[in-house]
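Take a look at the structure set out below.
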Amino acid sequence: MARTVVAQLPRDARRIVIRGTSGSGKTTLARRISAATGIPHVELDGVYHQPGWQPLSDEAFAERVSSIAADETWVVCGNYRQVADLLLARADAVVLYDLPRRVVMARILRRTLRRVVRREELWNGNRERWRNLFSTDPEVSVVAWAWTTHAARHAWTAEFLAAPPRDDLPLVHLTCALDERLLCAGLRAVPPR
């Protein structure tokens with residue numbers, strides 16, 4: 001049974017998952033939601049990628065994400081399959097980024113160039129490198145990763161919309177910049193329970 005998609009986050013949503021292709025805008029949206037609602041933001045990349053781009057073991061990653069999921073409020077962005085069930089079981093809403101490839105590629109190119117030029121620290125001292133920008137290996141270049149995974153992420157989103165993990169889980173499906181603006185325009189501070 002296909003789930004009804006909503007245009008706005010439920011007013012009482014306190015645990016929000018944001019998923020989508022790399023570079024689509026997940027982190028930017030998570031920060032906006034966090035700023036507007038007062039709900040803390042957690043970027044899964046920052047949990048997973050340790051100094052020197054070393055990944056956490058699956059066990060340590062799951063342990064940390066379990067701790068996050070147990071909290072009463074969070075906005076989590078990221079696509080890690082190995083911990084998705086931990087978050088989705090507790091989520092009050094899921095935002096699915098499903099933007100056209102041309103939009104995603106323009107965004108990720110701008111973001112990556114800015115990060116490289118400014119030497120921005122991402123997480124745990126890690127920075128993007130010039131040579132990664134020009135690599136065609138998706139395991140090295142986030143630009144190549146976004147290009148090669150876009151179609152699969154789009155297909156995954158369609159499957160998720162058709163068969164969400166829970167019938168009571170509100171889904172917000174963002175397919176264009178207007179959807180993003182409307183969602184952000186409707187954000188309000190979450191009242192305490």
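What's counted below: heavy atoms across the whole structure, side chains too, no hydrogens, waters or symmetry copies.
Side chains of Pro40 and Thr73 form a contact here, defined as non-hydrogen atoms less than 4.5 Å apart. In this structure the side chain of Arg32 never reaches within 4.5 angstrom of the side chain of Leu183, judged on heavy atoms. Two residues are said to be in side-chain contact when any heavy atoms from C-beta on lie closer than 4.5 Å; Val117 and Trp130 meet this criterion. Put simply, the side chain of Leu96 reaches to within 4.5 Å of the side chain of Phe160, judged on heavy atoms. Side-chain contact between Leu171 and Pro164 is present, with heavy atoms from C-beta onward closer than 4.5 Å. Using a 4.5 Å heavy-atom threshold, the side chains of Leu44 and Val65 count as touching. When side chains are defined from C-beta on, Cys184 counts as touching Leu29, because their heavy atoms get closer than 4.5 Å.
His173 and Asp98 form a side-chain donor-acceptor contact under 3.5 Å, judged by distance and modelled atom types alone.
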For a side chain to side chain contact (heavy atoms under 4.5 Å, CB included) check, start with the C-alpha distance between Trp74 and Val17, then their side-chain angles and the critical distance, and finish with the verdict.
CA-CA 8 Å; Trp74 38 261; Val17 173; 3.7 Å; yes

Please test Thr175 against Leu99 for side chain to side chain contact (heavy atoms under 4.5 Å, CB included), starting from the C-alpha separation and ending with a verdict.
CA-CA 5 Å; Thr175 61; Leu99 303 178; 5.5 Å; no

For Arg153 and Tyr97: C-alpha separation, side-chain torsions, deciding distance, then whether side chain to side chain contact (heavy atoms under 4.5 Å, CB included) applies.
CA-CA 9 Å; Arg153 177 60 53 194; Tyr97 259 101; over 6 Å; no

Determine, stepwise, if the pair Glu72 / Arg15 fulfils salt bridge (Lys or Arg N to Asp or Glu O under 4.0 Å).
CA-CA 7 Å; Glu72 286 303 310; Arg15 292 180 298 274; 3.7 Å; yes

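Cluster partners of Trp53, using a side-chain heavy-atom cutoff of under 4.5 Å among ILVMFWY residues and allowing indirect links, are Leu122, Trp123.
To the nearest 0.5 Å, atoms CZ (Arg81) and CZ (Arg19) are separated by 8.5 Å.
Looking only at distances, no side-chain donor or acceptor of Lys26 sits under 3.5 Å from a matching main-chain atom of Ile18.
A salt bridge is defined here as a Lys NZ or Arg NE, NH1 or NH2 lying under 4.0 Å from an Asp or Glu carboxylate O, and Arg127 with Glu120 fails to meet this definition.
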